[in-house]
Each structure stands twice: as C-alpha cells, then as structure tokens.
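Structure, as structure tokens:
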There are 2 protein chains.
Amino acid sequence: DAQYNRNVPFETSPQAIRLYHFYNHWTMRAATYFFIWVNLALALFEEPAVFPLPFLVTSIAEVLCLTAFFGRLVHFAKVTPQKVFWKDTKNICVMVTIVLTLIDLVIYGSLEAVNIRGVRWSRALRPVFLINFPESRQIRRTFRSIRNTLPDILYVFLLFLFSMMIFSLLALKLFGDRDLRTVEGSPYFTNILDIAFELYVLVTTANSPDVMMPAYELNWWYSLYFITYIIINTYIFMSVFLAVIYNNYRKHLKNEIHTLAYLRHHKMTEAFNILKVKVGTEFVVKEARWRRLLKVVAPDVSSSHLELLLRISDEGQKGHVDKVNFLRLADLLNIRVVAINIKKHPLETWMPRVYQSSTSLLVQKMVQHRIFVWVYDVIILINAIFIALDEKDSLISYAEWLFLSLYIIEILLKLYTYEPSAYFGRKQFWNWFDTLIIIAALLATVANTTIQARKYNSQQVLDIVLILRILRLLRVIVSIQRFRVIVTTLINIGPTMLTFGGLVLVVYYAFAIIGMEVFHGKIHFLDPGSGSPDALVCGNPALKDSAFAQGRYCKNNFNDLASSLILLTELTVVNQWHILADGFALVTHQAAKLYFIGFHVVVVILIVNIFIAFILEAFFVAYSLEKSEVETAIEKKIQELG
Amino acid sequence: DAQYNRNVPFETSPQAIRLYHFYNHWTMRAATYFFIWVNLALALFEEPAVFPLPFLVTSIAEVLCLTAFFGRLVHFAKVTPQKVFWKDTKNICVMVTIVLTLIDLVIYGSLEAVNIRGVRWSRALRPVFLINFPESRQIRRTFRSIRNTLPDILYVFLLFLFSMMIFSLLALKLFGDRDLRTVEGSPYFTNILDIAFELYVLVTTANSPDVMMPAYELNWWYSLYFITYIIINTYIFMSVFLAVIYNNYRKHLKNEIHTLAYLRHHKMTEAFNILKVKVGTEFVVKEARWRRLLKVVAPDVSSSHLELLLRISDEGQKGHVDKVNFLRLADLLNIRVVAINIKKHPLETWMPRVYQSSTSLLVQKMVQHRIFVWVYDVIILINAIFIALDEKDSLISYAEWLFLSLYIIEILLKLYTYEPSAYFGRKQFWNWFDTLIIIAALLATVANTTIQARKYNSQQVLDIVLILRILRLLRVIVSIQRFRVIVTTLINIGPTMLTFGGLVLVVYYAFAIIGMEVFHGKIHFLDPGSGSPDALVCGNPALKDSAFAQGRYCKNNFNDLASSLILLTELTVVNQWHILADGFALVTHQAAKLYFIGFHVVVVILIVNIFIAFILEAFFVAYSLEKSEVETAIEKKIQELG
C-alpha cells in the first residue's frame with residue numbers, strides 16, 4: 001500500500017505500520033510531554049520545595065513518570081529494527097538515566113528511612129528525558145551544534161585564560177606591594193587567586209570601574225593597564241567567542257540541513273520505487289495511485305488544492321507523475337496555498353440597497369482613508385497620557401470607557417467596510433492581534449469595575465487586569481508599517497525561539513538542582529520590617545558587612561526552585577554576579593565561586609552567544625529571503641491556470 | 001607618457017602631474033598627519049589642561065595648523081579639476097570647519113581680552129580634519145556605513161523606546177502606589193521619568209538586580225515583570241541592533257568594494273586606451289612600453305619579479321600585452337611574491353668540517369626534535385612560578401639570570417640549526433616575535449640591576465621594566481600551534497582595527513570636548529589621606545551621600561583631556577555608568593543625564609556593535625579565505641616555469 005514516511009526507519013509489515021501510526025498519534029506524544037513536564041515539575045514539590053509534599057508522594061510520581069518513559073521506549077523498540085534501536089545513543093541515554101534515577105531513589109529512600117539526609121543527585125539528570133525523546137529534535141540539534149563547537153571554543157578559551165594569567169601576574173607585581181586599599185578597606189591586589197577572580201569579573205564588566213579606582217587614584221598611568229585589559233579580554237576575546245560560535249552554528253546548521261534533505265530524498269526514492277509502473281521508457285506513478293497516496297498522507301488537503309498539486313506534478317497532463325516531480329512532492333506539501341476568495345460583503349447580499357447608499361459608501365471611503373488611521377493614533381496617544389495620570393479621579397475612569405468604545409467603534413467600522421471573513425483571514429495576523437487586544441482590554445475594564453464594586457482584593461488578578469488594560473497601547477505597532485515588519489520578523493523566529501527556551505530550561509534546571517543541593521538553607525530572607533538583627537545579614541552571621549547583605553540581596557537564594565531560577569536569570573544578566581558569588585562563598589567556602597564561574601562560562605559565553613548568533617542568522621535570512629524554486633513552480637502554474 | 005593612477009581624478013598636463021606627485025609625496029602626507037595630531041593634541045594644553053599653556057601659544061599653534069590644512073586644500077584644488085573639487089563634500093567640510101574655527105578663535109580671544117570666559121565650541125569640530133582629508137579613506141567609509149545604517153536603526157530604536165514606554169507605564173501602575181523603598185531609602189518607581197531612566201539603565205544591565213529587589217521582596221511574582229523586560233529589551237532588542245548593524249555593514253562593504261573595483265577598472269581602461277597600439281585585429285600594449293610603465297609605476301620591483309609579471313601578462317609570449325591582462329595588472333602588483341632561496345647555513349660554508357661533524361649534527365637533530373620545544377615550555381612554566389614568587393629573595397633574582405641565559409641559548413641553538421636569513425625572513429613573524437621578547441627581557445633585567453645598584457627610583461621606568469620582564473611568558477603562544485593561528489588572525493585584522501581606533505578617537509574626542517566644557521571643575525579629586533571633609537564629597541557638597549561619592553569615584557571627572565578619555569572608556573564598558581551619570585547630574589542638572597544616554601546610544605549601541613560586526617566578519621573571512629583568481633594565475637605560471 002501507499003507508504004510515506006518522514007524520518008524514522010521502520011519495518012514494513014502491516015502490524016508495524018499500525019504500531020507506528022499509534023506511536024506517532026498525537027495523544028501518545030501529548031502523554032509523553034505531559035510526563036516529562038510532571039517529572040521536571042517534581043522539583044517544585046520535593047524538598048527544598050515551593051509547595052512541600054511528602055517524599056512518598058513525589059517518589060511515586062517519579063516512578064510513574066519513569067514507567068511511562070520506559071513504556072514509550074519499549075513501544076519505540078517494537079517499531080524500529082533492533083539494530084537501529086541499539087545504535088541510537090538517545091535510547092541508551094534514556095535507559096541509563098532511568099536506571100540511575102531508580103538507583104538514586106532507592107538509596108535516598110532507604111537513607112531517609114533511617115533518618116540520614118542523602119543527596120538526590122539524579123534530579124539534575126531529569127532534563128535528559130526532555131532532550132532525548134525523538135519529539136525534541138530541535139533541542140538535540142542545538143546541543144549537537146554546541147558539542148561540535150567545543151574544540152574550537154576550547155583553544156580560544158585557553159588562550160583567554162593564558163592572557164588572564166599574564167595580566168594577573170602583572171597586576172600582582174605592579175600593585176601588590178603598594179599597600180593600596182579598596183573602598184571597603186580590604187587589601188588591594190595582593191593575592192594571585194583573588195586577582196584572577198577580580199580580573200575574570202572584569203571581563204564580564206561587573207566590577208568596572210571599582211576595581212580600577214585604587215590604582216587610578218595612585219596614578220592615572222595605571223588606568224592604561226585596565227583599559228588594555230578590557231580591550232583585549234572583554235572586547236576582542238568576547239567577540240572572538242561570538243565569532244567562533246556563530247561560525248560553527250552556521251556550518252553545522254548547513255550540514256544538518258543537507259543531511260536532512262539527503263535523507264528525505266532517499267526515502268522518497270524508496271517510496272517511488274515501490275509505487276512505480278513502467279510507461280514507455282520511463283518509470284512513473286499513475287495518477288489514480290498518486291491520488292490515493294495523497295489521500296492517505298495528507299487527508300486534510302482540499303480537493304481544489306489536490307488538483308493544483310496534480311497539475312503541477314503532472315506537467316504534460318499525461319495522467320502520470322514522473323520521478324523528478326514525485327520527489328518534489330514533500331516540498332510541495334509544505335507550502336501553504338492560500339485560497340483567496342473575493343466574496344461580497346454579507347451586508348451587501350442581505351440589504352444591497354442600504355449598503356450601496358451614498359452615506360454607507362462615504363463611511364467606507366472614510367474608513368479606508370489614511371486620516372482615519374492617524375486619528376486613531378492620536379486617540380491612542382491621548383489614552384496613554386490618561387493612563388499615566390492618576391486614575392482615582394472619576395472623570396478619568398469615565399474616559400476609560402470612552403476610549404474603549406472608540407476602539408470598538410473602530411473595529412465595527414472596519415468590519416463594515418471590509419469583508420469579515422477576509423478581515424479575519426488566516427494570514428491577517430495584525431487584525432487578529434488588534435481585535436484580541438481590544439477584547440482583552442474590554443474584559444479587563446469590566447472586571448476592574450466589578451472588582452471595585454465588590455471590594456474584592458486579589459493582588460494578582462488586579463495586576464493582570466491592569467497589565468491587560470495598558471497593553472492596549474500596543475495597537476500603535478499595528479498602524480506603523482515599519483514596526484510591523486520588525487515585529488513580524490520577531491514573531492516568525494518565535495518557534496525556533498521556543499527551541500532555544502528548551503535549551504535554556506535544560507541548563508537552568510540542572511544548575512538549579514545542583515545549586516539547591518549545595519546552597520539551600522544557607523541564606524534566608526527575613527522581613528526587614530520585623531526588626532530582627534538577623535534580617536540584616538540574611539539569617540547568616542557570616543554575611544555581616546558583606547556587599548551581599550548591604551545590597552539587600554537576601555531574596556536571591558537557592559531555597560526553592562522558583563528562587564533558584566530567578567537567581568540564575570540574574571546571573572545570566574551578569575551585573576553584580578560577583579557580589580552574589582561572594583555572598584554564597586562567604587556562607588559556604590571560597591570554592592563555591594567555581595559554581596558561579598562555571599555558570600557564567602556555560603550560560604553567558606556559550607548559550608547567550610548562540611542566542612545572539614541565532615537572532616543574527618534569523619534576521620539575515622529574513623533580509624535575504626527569496627522565493628524558493630518550488631514556490632516559483634507553483635506560482636507559475638497558478639498564473640498559467642489564471 | 002605612462003600614466004597610472006589609483007583614485008583621484010586629475011588633469012593630464014605635465015605640470016599637473018608633477019604637482020600630483022608632489023601632493024602624494026610621503027613628506028607632504030606626513031606633514032598633514034603631523035598637523036592633524038598637533039591640532040587634536042592642543043586640547044591637552046588648552047584650559048582645562050593637563051599641561052597648561054597660555055591662550056596665546058595654543059591659539060597661534062591652532063592658526064598654524066589651520067594654515068597648513070588650508071594650504072593642503074589649495075594644493076589639492078590645483079591638482080583636481082575645479083568642478084570635481086567643488087562637488088566633493090569633504091573639501092567643503094574642511095573649509096567650513098576652518099572658517100568656523102577662525103570665527104570661534106576670534107570671538108573667544110576678544111572675550112578673553114575683556115575677561116569674559118567664552119566657550120571654545122569649535123574644538124569639538126577638530127576631528128573633522130582627521131576624517132575629511134583624503135588620507136583617511138577607511139574612517140570615512142565607516143562613517144558612511146554608519147550614516148547608511150541610521151534609517152534602519154532608527155525604526156528599531158523607536159520601537160525599542162515604545163516598548164520601554166509601555167513598560168514604564170506598567171511599572172508606574174504596578175509599583176507606584178505601594179510605597180516601596182530602595183536600598184538607599186528613596187521612593188521606588190513613583191515618577192515616570194525616573195522609571196524610564198531606571199529601565200534604560202536596566203537595558204544596559206548596569207542596575208540589575210538592584211532595581212528589581214524591592215518589588216521582588218514584596219512578591220516573587222513581580223520578578224517576572226523584570227525578567228520579561230530583560231528578555232525583550234536587553235536580549236532581543238540589543239541583538240536586533242547588532243543584526244541590523246551587521247547586515248548593513250556587510251551590504252555597504254560589498255557596495256563600496258564594487259564601486260572601487262569599478263572605478264579602478266574604468267581608470268585602467270583609460271590608461272590602456274592611451275597606451276594601446278593596434279596589432280592584427282586587437283589593440284595591445286607593446287612589451288617595451290609595458291616595461292617602461294612598470295618602471296615608473298613600481299620602481300622597487302625586482303627584475304626577476306618583473307619578468308614573472310610579464311610572463312603572466314603576456315601569456316602567448318607574443319611581445320605584447322592584451323587588454324584583459326593589462327587590466328589585471330593592478331591586482332598582480334598587489335600580490336607579494338616571496339622569493340624563496342634555499343641557502344646553505346653560513347657556518348656550513350665557513351667551516352664545513354665542524355658543522356657536519358657528528359656532534360654538530362646531533363645538536364641540530366636535537367633542536368629540531370619536539371622534545372626540545374616541550375622542555376622549553378616547561379622552563380617557561382617554572383619561570384612563571386618564580387616570577388609569581390617574591391623576588392626579594394636573592395636566590396630568585398639569580399634564577400632570573402639563569403632563565404634568561406637559557407632562553408638566549410635556545411635562540412642561539414636555533415640560529416645554529418636553521419639558516420639565519422631564513423629564520424629572520426620576512427614572513428617568519430613568530431621568530432621575530434620570540435627574539436624581540438627575549439631581547440626586551442634581557443634589556444629589562446640589565447636595566448633593573450643597574451637601577452637597583454644606583455637606587456634610581458622613577459616609578460614609570462621601573463613599571464615598564466617589570467612589564468617587559470613578565471611579557472616574556474608570551475613565548476608560550478609561540479610553541480602552541482592553535483594559539484598561533486588565533487593570534488595570527490587577530491594580528492591580520494590589526495590594520496583595520498586601527499581604522500576603527502580612528503573612528504573611536506573621533507567620537508571620543510568630540511564627546512570629551514563637550515564634557516569638558518559642561519562639567520569641568522564640578523568634581524575634584526582630593527587626596528582622602530588629607531582628612532579634609534571635602535575629599536569625601538569630591539569637593540562638591542551636592543554629592544553628599546551619593547553613590548558617586550561613596551564609590552570613591554572622584555577621580556572620574558572631566559577636568560582634563562586624559563581624565564575625560566578615561567571616564568569615557570569607563571562609560572563604554574557600561575557598568576556603573578548610571579552612578580557616574582547620577583553624580584554629574586547632581587552637581588549640574590538632571591538634564592546632564594541626556595549627555596550620558598547620548599554617549600551610550602552612540603558608542604555602545606552603534607560603535608561597539610560595529611566593532612563586533614567587524615570582528616565577526618574578519619573571522620569569517622579568515623575561515624573561508626580561498627585563493628583569489630589572480631593568485632591562482634600566478635601560481636600556475638610559477639608552476640609552469642618550474
């Protein structure tokens with residue numbers, strides 16, 4: 001029968017095909033994702049928890065998840081040939097992780113039973129499931145790209161470390177004997193390890209210019225040392241990191257795409273070989289069989305679309321499709337054909353007399369005019385000013401309703417002028433956006449009035465309502481063409497951005513788990529209003545007089561998953577990360593700084609640069625996007641058909 | 001006669017050619033550069049000065065410079081056709097600047113005579129001379145590229161400001177009424193202008209996470225507001241800026257190169273038309289005339305090189321050069337042909353018996369062996385440890401001499417093994433590097449001993465000696481192949497980096513002059529050791545309790561050119577720039593922050609991104625460098641000739 005596959009090698013018996021279809025069914029995929037997320041979310045409930053649950057509950061949930069993963073794996077093993085299955089590292093990865101997690105659970109459980117607190121180290125492995133199931137191909141690709149970049153990065157990194165070492169030595173010799181003091185009064189640049197740490201922090205710019213001030217005060221001449229250091233290590237080396245990562249990213253992206261294209265070509269050829277019939281001198285696929293194939297492969301294609309595809313594939317109208325055109329089928333199916341129907345406005349069909357009257361035509365002309373858009377831009381501006389003013393005044397809260405009704409009138413007028421189903425067409429993203437914002441604002445304002453009337457006081461609901469009401473100002477974007485172009489580009493890279501989010505999540509999760517195991521409970525946030533002396537040192541006397549406590553950073557701790565993730569985000573932003581690192585080093589050990597340096601290297605040097613490379617590439621593609629060959633073929637056909 | 005020009009249109013009379021040659025003579029160029037630098041350096045001597053000189057001296061020097069510029073311009077006008085001269089914006093720019101400067105000088109001088117302090121605003125225009133003389137084509141090209149990027153940047157910037165405004169409004173509504181306090185105890189997020197400034201600072205990451213802490217302490221939920229803000233504005237928008245700038249940089253670079261290539265082609269065709277003779281059906285240039293041309297154009301080409309060029313250009317050995325090959329001449333001349341002579345070692349010619357003896361051969365084999373390199377790497381490592389240790393110990397200062405002699409022995413051994421003139425060949429950059437480092441270290445150590453013996457005590461000389469001695473550790477780079485590749489790439493982009501330095505200098509100079517006019521004398525550095533209470537507030541009571549004074553930033557002021565440039569560098573590094581901006585706003589007016597925001601937009605968003613784009617491009621070119629067509633032609637010919 002008709003076979004048409006995309007990526008996984010599989011056996012060709014009918015039973016295998018049924019299993020394969022079942023494997024790819026959306027419920028099964030959804031279930032897998034569900035269990036992956038449950039597994040990751042367990043960290044919220046395990047100690048140290050946001051919402052504590054007993055160990056028994058979380059461990060049962062975890063075992064359940066593991067069973068689900070194992071079941072999925074067994075299912076996959078049945079679908080794939082044995083040899084292929086065992087060759088695939090991702091299957092082995094998942095299995096090893098399942099076994100390790102079980103061992104860890106048993107050990108921790110038995111230690112718990114005799115009241116010894118163990119370390120749940122296997123929790124850091126949980127993202128492995130997210131990476132290694134076939135559903136998250138994109139994340140895996142990014143990881144592969146990182147792994148391939150590592151050797152190149154490594155040498156640049158070593159050279160960078162070497163340069164840092166030379167500069168540390170210089171600093172020790174230049175400033176070590178001068179008995180200088182920092183602003184806090186501690187000795188300045190006397191210990192080679194401290195100097196190396198300070199200079200690493202200077203690369204991230206987080207302690208500039210403070211680190212330079214004592215030397216600069218002594219003689220302006222010394223500032224040249226720091227400026228040289230910053231130019232070489234911060235500007236040049238960090239740019240070289242970006243260059244190396246970006247270059248590798250492009251190279252591997254190209255390779256991966258080539259491989260994928262080759263694989264697809266190979267499979268399409270196989271399918272063609274099964275379906276082919278000899279006609280004259282060449283092998284072809286008959287039209288009837290081709291139609292049947294398409295019905296199975298893409299059941300939701302409309303019949304007019306199918307005709308179009310057939311006409312394109314069967315150029316000579318010979319009643320069959322040759323090999324070249326058959327291989328192009330996969331590309332053709334990926335192009336979305338928009339059926340444009342020029343319909344009459346429904347009002348015009350219902351009451352043509354009224355709709356075509358001179359007043360009605362005047363209104364339509366007015367709405368289509370540029371000034372209409374400008375007037376509404378001015379209205380939005382005035383609205384913004386009103387929002388900025390205090391809303392306690394009742395006049396302003398009435399104005400709120402006025403603006404809302406103006407917006408609703410605008411949309412109604414537009415619907416009156418343009419055909420509604422065209423206005424809300426699939427590609428009319430901006431019309432949807434506009435309407436949704438207004439509806440949200442309307443709901444928010446209604447909710448707000450209800451809340452005020454009932455004296456209901458949930459802070460979060462009030463905040464969300466407030467945000468929704470302000471977001472209506474986003475409508476300005478809709479009316480400025482250049483803004484729309486930029487936002488459209490950003491939205492187009494959204495899906496890949498999600499991949500990126502997955503990657504970040506994996507790394508953050510692993511670091512958060514490690515951080516929670518090492519640092520949890522060391523630093524507490526106590527309400528400073530309570531007047532307790534402990535509140536000023538975050539509940540830990542080791543922090544007395546530290547910059548960490550003085551900056552009131554007590555909330556930045558590893559006491560639960562949410563705090564850890566927020567703290568890691570702060571570390572990604574880089575600024576003040578050395579103060580955070582110092583704080584945690586004070587309450588544990590100086591070696592704790594290695595955790596923070598490691599996080600900086602992995603997240604800021606590697607992942608943020610990949611993110612930048614990715615945005616750069618996305619924008620270049622958007623700038624240079626031209627119609628692909630296949631698309632041109634379709635357009636040609638459409639023009640031919642009229 | 002033979003004419004061969006590169007870029008400037010000129011008339012073709014013999015007198016004009018003599019003038020043109022004189023105009024392009026290196027002494028004239030050097031004089032122009034000298035006067036440009038004198039003019040720029042005047043800021044060091046004018047009030048507020050590093051080295052004060054009376055106004056009369058500096059103004060006479062300035063008038064001298066202006067005369068020189070004017071002379072150069074007149075000279076240029078004689079060389080170029082009138083029409084072309086007046087069409088060129090750069091000539092007009094220079095003239096306008098000269099006139100403006102003169103007017104400013106006269107006004108300032110007369111005000112000075114009646115003891116009124118004027119503003120020397122024309123000083124900010126001085127970099128115009130650096131940009132607009134034909135010698136600094138590269139800088140002008142970069143400026144043109146920036147100007148072309150501006151429209152694209154502008155829309156992204158407006159969208160960015162719009163997003164900032166929306167977030168400011170949100171912040172005002174979310175946090176304004178909650179009576180929160182910052183760490184310093186001032187009200188938190190109550191004024192829309194303050195919020196906008198804080199959020200702009202947050203884009204630069206300089207006040208993260210402090211700006212978030214008060215809200216985060218209230219509820220962890222609010223941290224999501226800041227995280228969203230950072231993701232959208234810091235990460236996405238800043239990457240989009242880089243993408244837009246990089247994209248434009250590439251596009252305009254390509255355009256400029258195309259234009260240049262077209263211009264050159266056009267001129268070579270003109271030259272060909274003057275020199276051509278009809279032979280058979282085609283126009284050609286005779287061999288004798290071609291030789292004479294080359295003698296005039298490139299007098300320092302060796303005769304063997306000339307023969308090679310002729311053989312390549314005259315492929316059929318027909319005694320003349322056709323048009324295609326003639327047009328290629330300019331490219332051919334740009335390729336450096338390295339004559340490789342495999343010479344015998346001089347020692348071998350002097351005393352062959354000794355040099356070829358078995359001991360001598362053993363030494364040579366040893367030096368060429370890998371282990372020899374490794375042994376010296378270990379020695380450098382041990383040396384680094386010795387340097388890190390205290391050098392007061394006499395044992396260690398003797399070790400110093402030991403290491404130095406070991407290095408010298410290494411170089412002598414290498415010279416013994418390899419042919420000296422090959423070892424110090426033109427392309428043997430690393431051997432030069434190695435030898436220079438050792439010689440520098442040797443000189444430094446000798447100087448050090450002399451100084452110690454004589455109790456001489458100039459701090460700067462001592463520091464330089466110290467730096468030279470430590471820099472010898474750079475030898476490690478020489479022995480690791482991968483490091484050499486990275487460093488070579490960096491050195492290759494050196495010349496263009498200098499262009500970039502010119503660009504930065506122009507912008508810094510203009511900002512420094514403005515800063516000096518506006519802020520000079522507002523903040524003073526007083527030695528904190530003096531115990532004066534003014535020292536703690538940088539001599540200005542307005543700074544009492546400010547973060548500026550607490551951070552001991554008094555040295556960061558605009559009181560002379562050197563301090564201003566250092567301060568601007570600190571602002572480029574970004575960190576703590578808001579504290580510096582706040583400090584200067586306190587001693588003058590809140591509007592002073594606009595100066596700092598302007599600097600950030602121009603330097604960090606525009607210029608640093610161009611720098612990154614430039615490094616990225618340089619690395620991509622280095623990665624994908626393939627031999628050009630012309631080089632291949634030469635190689636083919638060389639292979640043919642044997």
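Bear in mind the structure is a predicted one, so any value in this text is a computation, not a measurement.
Residue with the most contacts toward chain B among V487(A), I231(A), I477(A): I477(A) (heavy-atom pairs, distance under 4.5 Å). Ranked by heavy-atom pairs under 4.5 Å with chain A, the first of L158(B), I227(B), I470(B), L471(B) is I470(B). Considering only heavy-atom pairs separated by less than 4.5 Å from chain B, the leading option among N207(A), I192(A), I236(A) is I236(A). Counting heavy-atom pairs closer than 4.5 Å to chain B, the top residue among L224(A), L169(A), I566(A) is I566(A). Your options are G551(A), A562(A), S163(A), A206(A), and the one with the most heavy-atom pairs under 4.5 Å with chain B is A206(A). The residue among F226(B), W220(B), Y246(B) with the most heavy atom pairs within less than 4.5 Å of chain A is Y246(B). Comparing L172(B), V574(B), I467(B) by how many heavy-atom pairs each has under 4.5 Å with chain A, the most go to I467(B).
For Y155(B), the parts sitting under 4.5 Å from any heavy atom of chain A are the backbone and the side chain alike. In this structure, chain A has heavy atoms under 4.5 Å from both the backbone and the side chain of L170(B). Neither the backbone nor the side chain of M238(B) comes within less than 4.5 Å of any heavy atom in chain A. Residue F614(A) does not touch chain B at all, counting heavy-atom pairs closer than 4.5 Å. Residue E617(B) does not touch chain A at all, counting heavy-atom pairs closer than 4.5 Å. Contacts of I230(A) with chain B are made by side-chain atoms alone, with heavy-atom separations under 4.5 Å and no backbone atom involved. Neither the backbone nor the side chain of Y225(B) comes within contact range of chain A; no heavy atoms are under 4.5 Å apart. Proximity to chain B involves both the backbone and the side chain of S563(A), based on heavy atoms less than 4.5 angstrom apart. Heavy atoms closer than 4.5 Å to chain B are found nowhere in I579(A), neither backbone nor side chain. With a 4.5 Å cut-off on non-hydrogen atoms, L474(A) touches chain B through its backbone and its side chain both. The part of T569(A) that comes within reach of chain B is its side chain, from C-beta onward, which places non-hydrogen atoms under 4.5 angstrom from that chain. At a 4.5 Å heavy-atom cutoff, the contact between L473(A) and chain B is made by backbone and side-chain atoms alike. Only the side chain of S223(A) comes within contact range of chain B, with heavy atoms under 4.5 Å apart. T204(A) does not touch chain B: none of its heavy atoms, backbone or side chain, sits under 4.5 Å away. The contact between V573(A) and chain B is made by backbone and side chain atoms together, counting heavy-atom distances below 4.5 Å.
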Between I615(A) and F237(B), does the side chain to side chain contact (heavy atoms under 4.5 Å, CB included) criterion hold? Intermediate values first, please.
CA-CA 10 Å; I615(A) 295 233; F237(B) 267 109; over 6 Å; no

Checking side chain to side chain contact (heavy atoms under 4.5 Å, CB included) for the pair L616(A)/V244(B): CA distance, chi angles, key distance, verdict?
CA-CA 8 Å; L616(A) 287 181; V244(B) 172; over 6 Å; no

Would you sort out whether I486(A) and V156(B) count as a side chain to side chain contact (heavy atoms under 4.5 Å, CB included), showing the intermediate values?
CA-CA 7 Å; I486(A) 301 168; V156(B) 181; 3.8 Å; yes

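A donor atom on one side chain and an acceptor atom on the other are not found under 3.5 Å apart for Y216(A) and N556(B).
Considering only heavy atoms from C-beta on, Q576(A) comes within 4.5 Å of P209(B) through its side chain. Taking the side chain as every heavy atom from C-beta outward, R482(A) and D152(B) approach each other to under 4.5 Å. Here the side chains of L490(A) and V240(B) are in contact, with some heavy-atom distance below 4.5 Å. At a threshold of 4.5 Å between non-hydrogen side-chain atoms, the residues R552(A) and M213(B) do not count as touching.
For the atom pair CZ of F160(B) and CZ of F483(A), the computed distance is 12.0 Å after rounding to the nearest 0.5 Å. One finds the CD1 atom of I612(A) at 4.5 Å from the OG atom of S239(B) (value rounded to the nearest 0.5 Å). Rounding to the nearest 0.5 angstrom, the gap separating the OG1 atom in T572(A) from the OH atom in Y235(B) is 5.5 Å. The CG atom of L159(B) sits 13.0 Å away from the CZ atom of R484(A) when rounded to the nearest 0.5 Å.
Among residues two or more places apart in sequence or in another chain, the ring pair (Phe, Tyr, Trp, His ring centres under 6.0 Å) test is passed with Y229(B) by F167(B).
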